[in-house]
Amino acid sequence: MRILLIHSSHFEYEVRDRAIEEAEPTSEKEGKDSIDEALVAFCSVESGDERDNDAVASNAAREISKVASTVKVKNIVVYPYAHLSSNLGSPSTAVPILRKLAELLVSEGYNVRRSPFGYYKSFKLECKGHPLSELSKTITAEKERRPAVLETRYAVLETDGRLIEPREYLQHPHPEFRFLVEKEALRRELPGGEPRYLEYCRKFGIEWEPYSDVGHMRYGPEGTLIFELITDYAWQKACELGLPLLQVRGTNMFDLSIPAVREHAALFGDRLYEVGVEEKQFVLRYAACHQQFSMVKDWTLSYRQLPFGTFELADSYRLEQSGELLLCFRVRKLHMPDLHIYCRDLEDAKKASMKVHEKIYSEIRKLGREYVSIYNTTRGFFEQNRDFFADLVKVEGKPVLLNFVPDGVFYWVLNVEYTIIDALDRPREIATFQIDIGNAERFGIAYIDHDGSRRFPPIIHTALIGTIERYLFSIFDCAAKAEDRGQKPSLPVWLSPIQARIVPVTMDQLRDANRIADELEKKDIRVDIDDREETVQKRVREAEISWIPYIIVLGQKEAGAGSFPVRVRARGTVETMTLDSLVAELREQTKDYPFTRSPFPRTLSTRPGYRKS
RNA sequence: GCCCCGGUAGCUCAGCCCGGUAGAGCGACGGCUUUGUAAGCCGUAAGUCCUGGGAUCGAAGCCCAGCCGGGGCUCCA
């Protein structure tokens, strides 16, 4: 709903002609009105408001009342005015909302007039013209609606299977798990501070896009390369689970008039990112579920093919609260390497979950980190599957936090949130998996079992390395932690946009530099040459600031020598290496990781100065 | 969304308290220097001081509203 508020010294109107079929019946008396010293509220009810009439009306009443008390008026005119929105709601929605709005304002003690809906009316309006006399507002249903606080109970599950109270756990704390227990179960306030990774992000051109909605990111050339490498990596990791996987591709907006889409959306709650097109209302997908389910429902499945997975890197959209946004972490547009595994039954799902769990763990350990986990589940599922939980905890090697949720509220029976404790000691969820027992039926995904019966498969949802954004967050957080330990912050070599840079002392070495660059490129190494007319010192400094892992200085001395000095970022040393030993080291660092050729012009002198370091 | 802090040149920031001609470093550009491992020297150009409104003879500065960012809260299917 949109409203335009005018503080007027005089307002009058008169009904002329009926504008629409569904016009409100009106008596002679209601046909015209005149009032002095009033707040006139021109209102347009928009499509989408019908989802919660009461919330829209009460939010509108609150906004209007706020302004009325600021400008100190007791008279309010609620005036239906279609021209504030290009996305109008239907008259059958609009009239009840406007009536309700007027009632609410009356109940707050205002003298309220309402002009009839659905007519052309002439009006005279005298606006006071002070700063607050003209205001427009957009009202949504979301604001006021505080979802009923869910009753959940926390417990710590020890590695030996004992359950203990979170409070007691703090007496013998695991260093990182402790932060999770404090934050999630005991609701301690976070320490805070400005995170250093934001500065790192900007170095690689990873930042907010100011020309879009809040919460949308953009990636410069370096960021784009990093993003693509992580995307390849996510698919590679999914394949390593050893299950048959099918990659699919689809769209990002789904029609809310489809029952399965609408029901799924209702489960998601109030963070739906919606878009109205012509007469239809679409929800932007918040994960790949919609696309994969709406496709797999059309497949013919036999128990012989299960379990198998579908995968898509899904651009996904969530209308997060503006105050909650955090670059690379909580964003309105995110990229989910979303894998769904369709299983025969719960036992099958538990087996597949173990594979997923082990893979998720081995990935974070490759970064030298540990997850601390929250297992959201129901008391019933936990009690019936204590062995399964024990197996999961064995992989963790430390306690986990259980969060018991009520039965029948969620579509899953188990939802694991894997969080890292970041450089500022805050838990940050990165990876996740869920065992879903509701959506196969909702979307009509079924397989034929060996006895010929039609069965709905439990579905595992997972992002093994987290969203691309959050994997990046982890990578940069590792750099921040390294810096805290007194090391140079850096990216893993496989993700470094440029892996080796050659700095010729004078331009006499350019030919040699190009020859070495050719050799390195042949070995799948991203290399460039800083051929700018700057001092060696300055070019080395800039390479360091750019986090280049290997910096080669080539001068007169190296001509024909067969070796050259290499500045190795990881060790903080300058070492004499041959081309072969450098290649061997680089290959060792990047083996088993995706590779993409350098998309940059080889010479820095020909590169636009987008870099901000 | 709520509370606190901030927004000044492409970037990082000073100036704001106490109103009176818009500042520095980096970067860009031009010249000198021909360079050996984290900033060589000199010069030039560059700003709707976030936006809109208000009080004032006069606003980057004071007041109000909004937008954007950082922190905290709430939220996190």
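Below, chains carry the letters A, B, ... as their sequence lines are ordered, and counting in each starts from 1.
A gap of 16 Å separates the C1' atoms of G7(B) and G52(B), to the nearest Å. With both ends at atom P, the span from C73(B) to C11(B) equals 30 Å, rounded to whole Å. The separation of G58(B) from C16(B), taken at their P atoms, amounts to 22 Å, rounded to a whole angstrom. Taking atom C1' in both C4(B) and U12(B), one finds a spacing of 24 Å when rounded to whole Å. Spacing between G47(B) and C41(B) at atom C1', rounded to whole Å, works out to 27 Å. Distance noted for atom C1' between C49(B) and G19(B): 15 Å (whole Å). Spacing between C67(B) and A28(B) at atom C1', rounded to whole Å, works out to 30 Å. Atom C1' of G15(B) sits at a distance of 42 Å from the matching atom of C76(B), rounded to the whole Å.
At whole-Å resolution of the value, CZ in Arg332(A) and P in C76(B) are 16 Å apart. What separates CG of Leu5(A) from P of G66(B) is a distance of 13 Å, to the nearest Å. In this structure, Asp213(A) places its CG atom 12 Å from C1' of C67(B), rounding to the nearest Å. If you take OH of Tyr418(A) and C1' of C76(B), they are 18 Å apart, rounded to a whole angstrom. If you take CD of Glu194(A) and P of G69(B), they are 14 Å apart, rounded to a whole angstrom. Counting to the nearest Å, the P atom of G70(B) and the CZ atom of Arg196(A) are 17 Å from each other. Atom CD1 in Ile374(A) sits about 12 Å away from atom P in C76(B), given to the nearest Å. Residue Leu272(A) contributes atom CG, which lies 14 Å from atom C1' of C76(B) at whole-angstrom precision.
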Pick out the pairs of N or O atoms, protein on one side and nucleotides 33-38 of chain B on the other, that lie under 3.5 Å.
{"from": "U35(B)", "atom 1": "O2'", "to": "Val536(A)", "atom 2": "N", "distance (Å)": "3.4"}
{"from": "U35(B)", "atom 1": "O4", "to": "Glu533(A)", "atom 2": "OE1", "distance (Å)": "3.4"}
{"from": "G36(B)", "atom 1": "O6", "to": "Gln556(A)", "atom 2": "N", "distance (Å)": "2.5"}
{"from": "G36(B)", "atom 1": "O6", "to": "Lys557(A)", "atom 2": "N", "distance (Å)": "2.7"}
{"from": "G36(B)", "atom 1": "N1", "to": "Glu558(A)", "atom 2": "OE1", "distance (Å)": "2.8"}
{"from": "G36(B)", "atom 1": "N2", "to": "Glu558(A)", "atom 2": "OE1", "distance (Å)": "3.0"}
{"from": "G36(B)", "atom 1": "N2", "to": "Glu558(A)", "atom 2": "OE2", "distance (Å)": "2.6"}
{"from": "U37(B)", "atom 1": "O3'", "to": "Arg567(A)", "atom 2": "NH2", "distance (Å)": "3.1"}
{"from": "U37(B)", "atom 1": "O2'", "to": "Arg567(A)", "atom 2": "NH2", "distance (Å)": "2.8"}
{"from": "U37(B)", "atom 1": "O2", "to": "Arg567(A)", "atom 2": "NE", "distance (Å)": "3.0"}
{"from": "A38(B)", "atom 1": "OP2", "to": "Arg567(A)", "atom 2": "NH2", "distance (Å)": "2.4"}
{"from": "A38(B)", "atom 1": "O4'", "to": "Arg541(A)", "atom 2": "N", "distance (Å)": "3.4"}

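Residue pairs satisfying the side-chain hydrogen bond (donor to acceptor under 3.5 Å, both in side chains) criterion with at least one member in residues 547-564 of chain A, sequence neighbours excluded, are listed as follows: Tyr550(A)-Glu585(A). Listed by first and then second residue, the salt bridge (charged side-chain N to carboxylate O under 4.0 Å, His left out) pairs involving residues 410-422 of chain A are Asp422(A)-Arg426(A), Asp422(A)-Arg428(A) (not counting sequence neighbours).
Close to C76(B), at under 4.0 Å from its OP1 or OP2, lies no side-chain N or O of Arg428(A).
Note on ring orientation: taking the six-membered ring where Trp is involved, the planes of Tyr375(A) and His357(A) are perpendicular (angle over 60°, cut-offs 30° and 60°).
No side-chain donor-acceptor contact under 3.5 Å links Asn514(A) and Arg511(A).
Relative to the six-membered ring of Phe404(A), Arg379(A) meets both conditions, a distance below 6.0 Å and an angle of at most 45° to the axis.
Taking Thr603(A) as the reference, Thr606(A) meet the side chain to side chain donor-acceptor pair (under 3.5 Å) condition, with sequence neighbours excluded. Scored by the ring-ring contact (aromatic ring centres under 6.0 Å, His included) test, Phe311(A) finds Trp235(A) as partners (sequence neighbours excluded).
Among the heavy atoms of the strands, none lies under 4.0 Å from Val503(A). At a threshold of 4.0 angstrom between heavy atoms, the contacts of Gln321(A) include nucleobase atoms, whether or not backbone atoms are also involved.
Of all nucleotides present, only C29(B) satisfies the Watson-Crick or G-U wobble test against G43(B), with each distance under 3.5 Å. Of all nucleotides present, only U51(B) satisfies the Watson-Crick or G-U wobble test against A65(B), with each distance under 3.5 Å.
If you find the closest nucleotide of RNA chain B to Ser322(A) and to Lys183(A), the one lying nearer the 5' end belongs to Ser322(A). Where Arg330(A) and Gly323(A) meet RNA chain B, the nucleotide closest to each residue was compared, and Gly323(A) sits on the side nearer the 5' end.
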In residues 330-339 of chain A, what donor-acceptor pairs under 3.5 Å come from side-chain atoms, sequence neighbours left out?
{"from": "Arg330(A)", "atom 1": "NH1", "to": "Glu324(A)", "atom 2": "OE1", "distance (Å)": "3.0"}
{"from": "Arg332(A)", "atom 1": "NE", "to": "Glu320(A)", "atom 2": "O", "distance (Å)": "3.0"}
{"from": "Arg332(A)", "atom 1": "NH1", "to": "Asp213(A)", "atom 2": "OD1", "distance (Å)": "3.4"}
{"from": "Arg332(A)", "atom 1": "NH1", "to": "Asp213(A)", "atom 2": "OD2", "distance (Å)": "3.1"}
{"from": "Arg332(A)", "atom 1": "NH2", "to": "Glu320(A)", "atom 2": "O", "distance (Å)": "2.7"}
{"from": "His335(A)", "atom 1": "ND1", "to": "Glu469(A)", "atom 2": "OE2", "distance (Å)": "2.7"}
{"from": "Asp338(A)", "atom 1": "OD2", "to": "Ala288(A)", "atom 2": "N", "distance (Å)": "2.9"}

